[in-house]
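Below is one structure, written out as structure tokens, with a few remarks after it.
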Amino acid sequence: MRADVFLVEAGHASTRSQAQRLIASGVEWRLTPLAPWKKVAKNGDDIPAGAELKLLDAAEAKYISRGGLKLEGALATTGIAVKGLRCMDVGQSTGGFTDCLLQAGAAQVIGIDVGHGQLHERLKSDERVVCVEGFNARALTPELLEQACDEALCEVIEEEEDNDTQPVAPYAWMRNGGQVDEDYDDSDDAKEQDVENFKAERAAKARAKAEGSAPVELRRRAGTEKIDITPAFDVVTGDLSFISLTLVLPSVVQVLKPHGQLLMLVKPQFELQPGQIGKGGIVRDKALYAEVEQRIRGCLEGLGLTVKQWLDSPIEGGDGNHEFFVWAQQGAEIKAAVPVGAAEAAPAKPAIKAAPKRPSRADIKAQRAKQELYEDPEVASFGQPGPARSKQKKRNER
């Protein structure tokens, strides 16, 4: 069996990419306790079934993904203690940050991600984790987040057909050959119009069910009834790609409690313009890091937060880019402000109407469609700070 596949199936790694990083750090195997250890030289090396493995450096296996190692280093440097606190993980993905927060003692982690089906099964089944998929952080409001969390914890109960209400057909007395006695009472028989109305109603329900607009009931799954989904957090962390943080922070800080802590990973390649980024998407001019820092600091200060520290990420990004963390603290009051670089204040959002007690499938899809309006990273970053994707666009036009 391939070495990277063997590590995953044996439980030493959660993904093949993580297994490959472990192999790069050093992995040895042997078939019996007296046999000499053999080093795995490459990912495709064959390891016999039943072999004993030894990891020379198990750091990569500590968390679901290497993102956990990044956050672990940032928590240690800043001294932020998350034990017993409610946390939010923006850009949850496979769950590296979430895993780190839980291992550090967080009481709960609510994670949001614009994608679907990425969170590792071990975290998805953890009662301390709420995973909200298909949710764009840029469109986040406390109300929408609470509603999305509730939907994530619910199962859809469809209205069942009630055949007991079917009216008795007219001329029912004619059944069985029409043999009735003089005492037969047809006063309870439905009129022809009653039957036609019933048929039309049944047909309308069938069409609505096929179109997804039939009334449904959302009911919490067993064991989730008491889970707290209040959209207010002690600590907010995040790891986002293909979008500038200046577009996301104005929404995210609205769910951070007064005096709460914000710890976000900053990826310079998504904060700069195309001409400032080198081949392969690598930021090679270190002088540009100061520009990124100034932009992020200005955005946070404009939102009423105090930037407490700007620090290097303990691990480089997977593409080789140097990354940073920004640590900021919410003020005594939550302040809504225009992010730095915006030309003018965005128009006020209309008040969110209370959801009906029995929303339809179409209603649920419509709510989710609003959240996914900017799901395409190309659309999300159009005309905004952060790199455009002109090269990719040219390739698509060929």
Side-chain angles (χ1 to χ4, degrees), residues 86-93 95 97-98 101 108-116 118-119 129-153 227-258 260-267 270 296 299-300 302-305 326 328 330-331 333-340 342 345-355 364-377 379-381 384-386:
R86 294 184 68 239
C87 304
M88 181 176 179
D89 182 8
V90 184
Q92 191 174 39
S93 187
F97 276 25
T98 295
L101 291 168
Q108 182 190 47
V109 180
I110 290 181
I112 63 172
D113 198 280
V114 75
H116 295 267
Q118 298 183 66
L119 186 64
V129 177
V130 178
C131 174
V132 180
E133 299 179 326
F135 193 102
N136 194 294
R138 190 176 177 183
L140 185 151
T141 66
E143 295 83 3
L144 283 177
L145 177 61
E146 186 170 16
Q147 181 180 342
C149 287
D150 191 40
E151 291 178 12
L153 296 172
I227 291 181
D228 185 6
I229 57 172
T230 305
F233 302 93
D234 304 291
V235 177
V236 171
T237 66
D239 178 359
L240 297 168
S241 297
F242 302 106
I243 189 169
S244 169
L245 287 183
T246 60
L247 302 178
V248 174
L249 289 172
S251 299
V252 169
V253 298
Q254 300 304 306
V255 295
L256 186 61
K257 288 181 180 179
Q261 308 293 324
L262 180 86
L263 190 59
M264 301 289 289
L265 183 67
V266 181
K267 300 178 177 180
F270 302 123
I296 301 298
C299 177
L300 288 167
L303 293 168
L305 279 75
V326 61
Q330 180 74 281
E333 297 181 1
I334 300 175
K335 174 185 175 183
V338 181
V340 173
K349 295 182 179 179
I352 299 175
K353 297 181 180 180
I364 296 173
K365 289 179 180 179
Q367 288 285 355
R368 187 53 55 83
K370 292 179 182 178
Q371 299 161 9
E372 296 179 345
L373 181 61
Y374 298 102
E375 180 171 352
D376 186 344
V379 178
S381 59
Q384 301 290 348

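All figures in this text were calculated on a predicted structure; none of them were measured in a lab. Hydrogens, waters and symmetry mates play no part in the numbers below; they use all other heavy atoms, side chains included.
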field: Verdict with supporting geometry, V132 and Q92, side chain to side chain contact (heavy atoms under 4.5 Å, CB included)
entry: CA-CA 9 Å; V132 180; Q92 191 174 39; over 6 Å; no

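- F97 approaches L265 most closely through the heavy-atom pair CZ-CB, 4.3 Å.
- Judged as a salt bridge (Lys or Arg N to Asp or Glu O under 4.0 Å), the pairs with a partner in residues 234-251 (not counting sequence neighbours) are, in order, D234-K257, D239-K267.
- Minimum interatomic distance between M264 and L245 (heavy atoms only, all atoms of both residues): CE-CD2, 3.9 Å.
- Between the CG atom of L240 and the CG atom of N136 there is a distance of 9.0 Å, given to the nearest 0.5 Å.
- The CG atom of D228 lies 4.0 Å from the CZ atom of R86; values are rounded to the nearest 0.5 Å.
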Between V90 and L140, is the side chain to side chain contact (heavy atoms under 4.5 Å, CB included) condition met? List the steps. CA-CA 10 Å; V90 184; L140 185 151; 5.9 Å; no

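- Closest non-hydrogen pair, C131 versus L119, comes out as CB-CD2, 3.6 Å.
- Distance alone, capped at 3.5 Å, places no donor-acceptor pair between the R138 side chain and the S251 backbone.
- To the nearest 0.5 Å, the span separating NE2 on H116 from CD on E133 amounts to 6.5 Å.
- Nearest approach of I229 to I110, heavy atoms of both residues: CA-CD1, 4.2 Å.
- The CG atom of L303 lies 6.5 Å from the CG atom of L249; values are rounded to the nearest 0.5 Å.
- Nearest heavy-atom pair across A137 and V248 is CB-CG1, 3.7 Å.
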Chi angles and distances behind the side chain to side chain contact (heavy atoms under 4.5 Å, CB included) call for V253, I334 | CA-CA 8 Å; V253 298; I334 300 175; 5.8 Å; no

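- Under the rule for a side-chain hydrogen bond (donor to acceptor under 3.5 Å, both in side chains), Q330 has no partner lying at least two apart in sequence or in another chain.
- Under the 3.5 Å distance criterion, with hydrogens and angles disregarded, a donor-acceptor pair is assigned to the side chains of D113 and Q118.
- Within the model, atoms OG1 of T237 and CG of D89 stand 4.0 Å from one another, a figure rounded to the nearest 0.5 Å.
- Between the CG atom of L145 and the CE atom of M88 there is a distance of 5.0 Å, given to the nearest 0.5 Å.
- Within the 3.5 Å criterion, the main-chain N or O of T246 finds a donor-acceptor partner in the side chain of S244.
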Practice item. Dump the intermediate steps for side chain to side chain contact (heavy atoms under 4.5 Å, CB included) on F135 and L144, then the final yes or no. Key: CA-CA 9 Å; F135 193 102; L144 283 177; 4.2 Å; yes

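- Nearest heavy-atom pair, V252 versus L262, reported as atom, atom and distance to 0.1 Å: CG1-CD1, 4.3 Å.
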